Amino acid sequence: MTSPRKILVTAALPYANGPIHIGHLVEYIQTDIWVRFQKLMGNRCIFIWADDTHGTAIMISAKKAGVSEEEFIARMNEEHQRDFGTFQIAYDNYGSTNSSENRELCGRIWSALRQAGLIVEKDVSQLYDTVAGTFLADRFVKGNCPKCNAPDQYGDNCDKCGSTYTPADLKNPYSTLTKTTPEIRSAKHLFVELEKLHPFLEQWTQSGEHLQTEVANYLKGHFLGEPLRDWDVSRPAPYFGFEISDSPGNYWYVWFDAPIGYMASLEQWCQKTGEKFNDWWPQRIDAESAGVEIHHFIGKDITYFHTLFWPGMLHAAKFKLPTRVHIHGFLTVGGEKMSKSKGTFVKAETYAKHLDVSALRYYFASKLGPRLDDLDLNPGEFIDKVNSDLVGKVVNIASRCTKFVQASGLSANYPEDGGLFTAGVAAGKEIATAYEGCDYARAMRLIMELAASANVYIDGKEPWKIAKDPARAQEVQDACTVGLNLFRQIAVYLSPVLPKLAEQAGALLNEPIAHWKQSQHPLVGTKVAPFSHMMKRLELKDFEAMIEESKESGVGFQPAQAEGTGDRGQGTDSGDALTAEPLVTDLISIDDFTKVDLRVARVINAEEVPEAKKLLKLTLGLGGDVKRQVFAGIKAAYKPADLVGRLVIVVANLQPRQMKFGLSEGMVTACGPGGEEVFLLSLDEGAKPGMRVH
RNA sequence: GGCGGGGUAGCUCAGUUGGUUAGAGCAACGGCUUCAUAAGCCGUGUGUCGGCGGUUCAAGUCCGCCCCCCGCUACCA
C-alpha cells in the first residue's frame, strides 16, 4: 500500500456575471469526477475554487441590476453554489476573489514580482466614457475597423477582416454603455515583463510533465517562438477590484487576481479546517518534501493565462507550480456551437428542471477523453446512450435480481460465479488508470462491458424459473447474490460519476459505498432492501421542452450578441439588427454623403479565389468599357455563377487596395452580420450600370 | 500560409510496443425470453482502416508525398 497522495484540485473560477450553463458543467463535472475518484481511492484530495468577481463587466451588470457590486456578486455566488449542489459537484471550499484572503495574497505575490524586478510602468491611451465616468475595456467600445472600415467592431479586433488593434485606433468609436463618443485619455499602467521569465516558461511548458502535448506545441508555436509581450496587469479607477497598494488609483486587472483566488480559497479552507496553507501550497523550495500535487482543470479558451502568466507569477513569487493543467474542449449541442437563439445555451437550472442530472454526468463522462477535443451533446445519442447503458444495463441488474432475495438476503458465502467477480476486480485496475488519466470515456466503456456480462450471467441462470421450484432456493439466492455483487462492483466503479446511484446501491445492500476497495471483495450475508427505481428513462420530449424554454428565457444579463436569423414572424420587425449595430449618432452633411460615389454596376465575371476563405473576385462593368476588379467578402453567401449578370451597387471612388490576391478597386455594398448572412443590395427594374446613387 | 488535431461499419468511437480471418456501443434486421423501468439474451456487417508509394516475412499501426474535415493563428475585405 502506498501512502495516500495529497492532491489539491481547482476548476476555473466561474465569472460572477451570469448563471452557470451546461458548457460550464462539462468542466465542473469533469473536475468533480476526478476529485471523487481520488477520494474514493483513499487519497487526500481537496477541491477548492471560487467565484471570479472583479472587472468592468461586473460593475456594469451591477449597475444595470441597480445594486452594489458586492450585493450583485453575493447573489451570484449563492446562485452558483445552488447549481453546483443540484449537479452533485462536491467541493471543499467555494470562495470569492473579492475576499480579504485574496487581497492579502495578491499583495504578497505583487511584492514578489516587484522584488524580482518584473514590474514596469508605461502610459496607455485608453478610451474613456465621460458620461459613465469610466475607462472602457475593449469589449465595451465599438466603431469602424481602422483597416477595413467595417462598422461596429469591438475594440480589440475586427471580425470582418480579423485585424487586431487597440480601441484607440477605432474610427468613429462609441461606448456601448452610453452610445456616446469616448475620448482618449492616457493613464499609467503596470506591466509584468514576462519576457524575463521566457527561459523558465520554455522549460516548464515543454517538459512534457505539466501539459498535454498539443498544448505545449501550441504555446511553442504561438508565444514562445518570439519575445513575450509585457502583460498589462493594472486598470485605472474606477474599477471593481483591489487597489494596488503601492500604486494608488490603480487596480489589479481581473486576470491578475483570479488565479490567486485559488490560493485564497485554499487559505479559507485552511482556516475552516485548521490545516496549514504551506502544507498544500508550499514555497517552491519546500515542494519536494511536502509532496503535494496541484491540478488545475480549465477550458482551452483560457489556456494562456494558466500556462504562461500563472506559472510565471508562481515562479517569480517562489510558490509551487501546478503539477498539471488539464485542458478540455468546448461543448457543442447537436454539432453546433451553443446558441441563445437556438435554445442550446441551456442554463444549469433549466436543465435540472427537465432532465436527470445523473444522465448528464454520465453522458459527459462517456464523452470525455484526456485531450482537448470538443464534446458534442447530441440529443438522440444522449437519450439512447443513457437509457440503454444506465437503465437497460446497469440498473437492470439490480432490478431483476432484488425481489428473489428480498426475504433471504445475500448468501452467506460468495458462490461460484465463473470468475466474473474476479474479472471485475482485474478490470478495476484499468478503470482506475483511465480515471486517473482523465480518460473517462474509456472507463465508462470498460464498466459497461462488466454490466453486459452481468446481464448475460443472470440470463443464463434464469432465477425466475428456478424460483418456482422450492427445492432450488439456494441456487436462486446464489445467482442473485452474484448478480447483486456484480451490480455493486459496477456501482463502486461508477460512483465518481454517479454518486446518487452509489448511494442507492449502498442502501439496497445495507452497506454504504465509500471506498474503491469495496469493489474488490464481494459482500455476503447481508439483508437486501426493497427495490425502488434508481433512474428514470429519458424522453426526447423533455429534452425538446428544455431547448424550448431556453429559447424563451435567454441566458441572463450578458450583453446580447444577437444571433437573429431574420424572418421571424410577420408584423413588426425585430430590433435585433439595430441592437447589433446601433444607429450612428454622428451626423454628416450632404457634402459628406456626396463624397461617396455610389454606382450601379453589373457583375461581368465572378470567380472563386481558392486561397481565400471569404473572398470572391468580381469583375464589375460600369457601362461602356469601364471595368473594375473588386474583391468582396461574400464567398460564404453567394456562388459565383449566381452573381454573373446581376446588378450591384459599388463604391466607385474608394481608395484601391492591394490585397494578397490582387488589387481591389472598390467595394460592393451589402448588409448583414457576415458569414453566410450577407445580403447584396439590389436594384429595381430599369437601373443601368454607371448610374449614380443619389 | 503556419501550428495542432482528425479522417476505421449508417451514427459515436476503441484499436496498447507493427503479427493470426480489423473491434465495441448505438441504430437496423431475424430469433429466443418475459425476472426486470416495452428492460434482457442470441444471431446477422463483401468496412478499398482518406489516397498513392515505401520499409518489413508481416502495417489501421512505422516512413514519405498528396487529398479532405475541424480548431487556433496569419494574411485579407
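Not measured: the values here are computed from a predicted model. Within every chain, numbering begins at 1; the chains are lettered A, B, ... in the order of the sequence lines, protein sequences first and strands thereafter.
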Have [X] and [Y] got a donor and an acceptor in their side chains that come within less than 3.5 Å?
{"X": "A:His328", "Y": "A:Glu27", "result": "yes"}
{"X": "A:Gln474", "Y": "A:Asp478", "result": "yes"}
{"X": "A:Asp389", "Y": "A:Tyr362", "result": "yes"}
{"X": "A:Thr332", "Y": "A:Asp374", "result": "no"}

Check: Do A:Phe309 and A:Trp255 make the cut of ring centroids closer than 6.0 angstrom?
Finding: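 No; A:Trp255 has its ring centre 6.0 Å or more from that of A:Phe309.
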
Next item on the list: Could you tell me if the ring centre of A:His354 sits under 6.0 Å from that of A:Phe543?
Entry: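 No, the ring centres sit 6.0 Å or more apart.
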
May I ask you to say what [X] touches in the nucleic acid, namely base, sugar-phosphate or nothing, with a heavy-atom cut-off under 4.0 Å?
{"X": "A:Val456", "value": "sugar-phosphate"}
{"X": "A:Met535", "value": "base"}
{"X": "A:Asn396", "value": "base"}

Item checked: RNA chain B: stems of at least 3 consecutive Watson-Crick or G-U pairs whose donor-acceptor distances fall under 3.5 Å ->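 Stem list for RNA chain B: B:1-7 with B:67-73, B:10-13 with B:23-26, B:28-32 with B:40-44, B:50-54 with B:62-66.
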
Between [Y] and [X], is the closest basic N to carboxylate O distance under 4.0 Å?
{"X": "A:Asp356", "Y": "A:Arg361", "value": "no"}
{"X": "A:Lys461", "Y": "A:Glu475", "value": "no"}
{"X": "A:Glu381", "Y": "A:Lys367", "value": "yes"}

Quick one: which of [options] gets closest to the side chain of [X]?
{"X": "A:Lys300", "options": "B:C35, B:G25, B:G71", "answer": "B:G71"}
{"X": "A:Lys393", "options": "B:C35, B:U37, B:G25", "answer": "B:G25"}
{"X": "A:Val395", "options": "B:U37, B:A36, B:G71", "answer": "B:U37"}

Length of the line joining [X]:[atom1] and [N]:[atom2], which is rounded to integer Å:
{"X": "A:Phe531", "N": "B:A39", "atom1": "CZ", "atom2": "C1'", "answer": "11 Å"}
{"X": "A:Met444", "N": "B:C26", "atom1": "CE", "atom2": "C1'", "answer": "17 Å"}
{"X": "A:Leu211", "N": "B:C72", "atom1": "CG", "atom2": "P", "answer": "20 Å"}
{"X": "A:Leu224", "N": "B:C3", "atom1": "CG", "atom2": "C1'", "answer": "13 Å"}
{"X": "A:Leu372", "N": "B:G6", "atom1": "CG", "atom2": "C1'", "answer": "13 Å"}
{"X": "A:Phe382", "N": "B:A27", "atom1": "CZ", "atom2": "C1'", "answer": "18 Å"}
{"X": "A:Asn217", "N": "B:U73", "atom1": "CG", "atom2": "C1'", "answer": "14 Å"}
{"X": "A:Asp478", "N": "B:C35", "atom1": "CG", "atom2": "P", "answer": "21 Å"}

Notebook entry, point to check: When every nucleotide of nucleotides 8-15 of chain B is labelled 5' to 3' by its protein contacts under 4.0 Å (heavy atoms), B for base, S for sugar-phosphate only, - for none, what sequence of letters results?
Noted result: ----S-S-

Next item on the list: Sugar-phosphate means primed atoms, P, OP1 and OP2; the rest is base. With that split, encode nucleotides 29-34 of chain B 5' to 3' as B, S or - using protein heavy atoms under 4.0 Å.
Entry: -----S

Give me the distance, rounded to whole Å, that separates [N] from [M] when you measure between the [atom1] atoms they each carry.
{"N": "B:A24", "M": "B:G15", "atom1": "C1'", "result": "10 Å"}
{"N": "B:G47", "M": "B:C57", "atom1": "P", "result": "28 Å"}
{"N": "B:C13", "M": "B:U17", "atom1": "P", "result": "22 Å"}
{"N": "B:C70", "M": "B:G30", "atom1": "C1'", "result": "40 Å"}
{"N": "B:G60", "M": "B:C67", "atom1": "P", "result": "23 Å"}
{"N": "B:U21", "M": "B:C26", "atom1": "C1'", "result": "25 Å"}
{"N": "B:G19", "M": "B:C62", "atom1": "C1'", "result": "14 Å"}
{"N": "B:G10", "M": "B:G5", "atom1": "P", "result": "27 Å"}

Note to self: Please compare A:Glu449 and A:Tyr218 by the position of their nearest nucleotide in RNA chain B and report the one closer to 5'.
What the structure shows: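 Upstream on the strand: A:Glu449.
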
Check: Relative to the 5' end of RNA chain B, which residue comes earlier, A:His533 or A:Phe330, by the nucleotide with the nearest heavy atom?
Finding: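 Nearest nucleotide further toward 5': that of A:His533.
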
Check: Relative to the ring of A:His326, is the ring of A:Trp34 parallel (under 30°), tilted (30 to 60°) or perpendicular (over 60°)?
Finding: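 If you compare the ring of A:Trp34 with that of A:His326, the planes turn out tilted.
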
Judged by atom type as modelled, is there a donor-acceptor pair below 3.5 Å linking the side chain of [X] to the main-chain atoms of [Y]?
{"X": "A:Glu416", "Y": "A:Gly418", "result": "yes"}
{"X": "A:Tyr435", "Y": "A:Tyr493", "result": "yes"}
{"X": "A:Thr402", "Y": "A:Ala398", "result": "yes"}
{"X": "A:Asp376", "Y": "A:Gly334", "result": "yes"}

Check: At under 4.0 Å, does any side-chain N or O of A:Lys403 touch on OP1 or OP2 of B:A36?
Finding: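 Answer yes for this pair, as a side-chain N or O of A:Lys403 is under 4.0 Å from OP1 or OP2.
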
Check: OP1 or OP2 of B:A39 sitting under 4.0 Å from any side-chain N/O of A:Arg537?
Finding: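 Looking at the OP1 and OP2 atoms of B:A39, one of them is under 4.0 Å from a side-chain N or O of A:Arg537.
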
